[in-house]
Amino acid sequence: MKNTKNICLPTYKKQQEKNTVRYENTPIAHIFYNILSIDGENTVCKKIGMFYKRMIENFTKWVDIDFEKYAKNEYLSDTNPRKKFRYVPFSLVIDMTAEIKENIFLEVTTKVTLSKKKNFISEKKLFHIWNLKNGTLRVVKK
């Protein structure tokens, strides 16, 4: 058995949150967050946890400023006079999953998907592999 005394073995849990962006009380976007909360005792675990906390903070800022502006512009450009009652909001989903491999690596996948009327618009995936012994990060492109 490997010596895991000096290795960060984080605990993580998935949290689900939902936010609705409105324009004049009309929903124009639903944002779903399925995010990880990573906790641990040593500095490596704290470093990883802080990385994802900042990542979600930055994503939230982007939603509040840029994406909200984009969704409002799309809503305003709709010329249907009954749009207030028929407008279909965007769906923006951030989904994070994690898995510990070989008791030394933490693999985190972050997937961001934008859709409307169940039609796919865009998707971005990030793959991170953390060495739980020394806290180094490897970003994998797939």
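Treat the numbers as computed from the prediction; the structure is a model and nothing was measured.
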Apart from F32 itself, members of its ILVMFWY cluster (side-chain separation under 4.5 Å) are V93

Hey, any chance I121 and Y87 share a hydrophobic cluster, counting ILVMFWY side chains that come within less than 4.5 Å of each other, even indirectly? yes

Would a 4.5 Å heavy-atom cut-off, applied to side chains only, mark R138 and F127 as touching?
-> no

For residues 108-119, the salt bridge (Lys or Arg N to Asp or Glu O under 4.0 Å) pairs (sequence neighbours left out) are K111-E123

message: In this structure, would F85 and V88 fall into the same cluster of hydrophobic residues linked by side-chain contacts under 4.5 Å?
response: no

Should V44 and F105 be regarded as members of a common hydrophobic cluster, given that ILVMFWY residues are connected when their side-chain heavy atoms come within less than 4.5 Å of each other, either directly or indirectly? yes

- Message: Can you confirm if the aromatic rings of W62 and F67 lie within a centre distance of less than 6.0 Å?
- Response: yes

In this structure, CD of E107 is separated from NZ of K101 (nearest 0.5 Å) by 4.5 Å

Hits for ring-ring contact (aromatic ring centres under 6.0 Å, His included) against Y33, two or more places apart or cross-chain, chain-then-number order -> F59

Closest non-hydrogen atoms of G135 and K47, given as atom of the first, atom of the second and distance, are O-NZ, 2.9 Å

Got Y52 and M96 here, is their nearest side-chain heavy-atom distance under 4.5 Å?
yes

Do F90 and L114 touch side chain to side chain, with heavy atoms closer than 4.5 Å?
-> yes

| Hey, does I31 have a side-chain heavy atom less than 4.5 Å from the side chain of V21? | yes

Set out, in order, the CA-CA distance, both residues' side-chain angles and the distance that settles side chain to side chain contact (heavy atoms under 4.5 Å, CB included) for I129 and L106, then state yes or no.
CA-CA 6 Å; I129 300 174; L106 175 68; over 6 Å; no

d(M55 CE, M50 CE) to nearest 0.5 Å is 15.0 Å

| said: Do I56 and I94 make a side-chain contact, defined as non-hydrogen atoms from C-beta onward lying under 4.5 Å apart? | reply: yes

When rounded to the nearest 0.5 Å, the distance separating OG1 of T113 from CG of D95 is 8.0 Å

Sorted by chain and residue number, the side-chain contact (heavy atoms from CB on, under 4.5 Å) partners of K72 (sequence neighbours excluded) come out as Y23, I28, E68

Residues at least two apart in sequence or cross-chain that pass side-chain contact (heavy atoms from CB on, under 4.5 Å) with S115, listed by chain then number, are S91

Quick one, K18 and H30 - any side-chain contact, counting heavy atoms below 4.5 Å?
yes

| message | Side chains of L92 and V63, heavy atoms from C-beta outward: is any pair under 4.5 Å? | response | yes

Here the salt bridge (Lys or Arg N to Asp or Glu O under 4.0 Å) pairs for residues 77-92, sequence neighbours left out, are none

Taking every heavy atom of A29 against every heavy atom of A71, the minimum-distance pair comes out as CB-CB, 4.4 Å

Rounded to the nearest 0.5 angstrom, the CG-OG1 distance for L36 and T110 is 7.5 Å

Taking every heavy atom of A98 against every heavy atom of V108, the minimum-distance pair comes out as CB-CG2, 4.1 Å

Exercise. Is the number of heavy atoms from other residues, nucleotides or ligands under 6.0 Å of R22 CZ greater than 12?
Worked result: yes

H128/L126 under side chain to side chain contact (heavy atoms under 4.5 Å, CB included): CA gap, chis, key distance, verdict:
CA-CA 7 Å; H128 297 149; L126 301 170; 4.3 Å; yes

Distance col, row R54:CZ vs N58:CG, nearest 0.5 angstrom, shows 9.0 Å

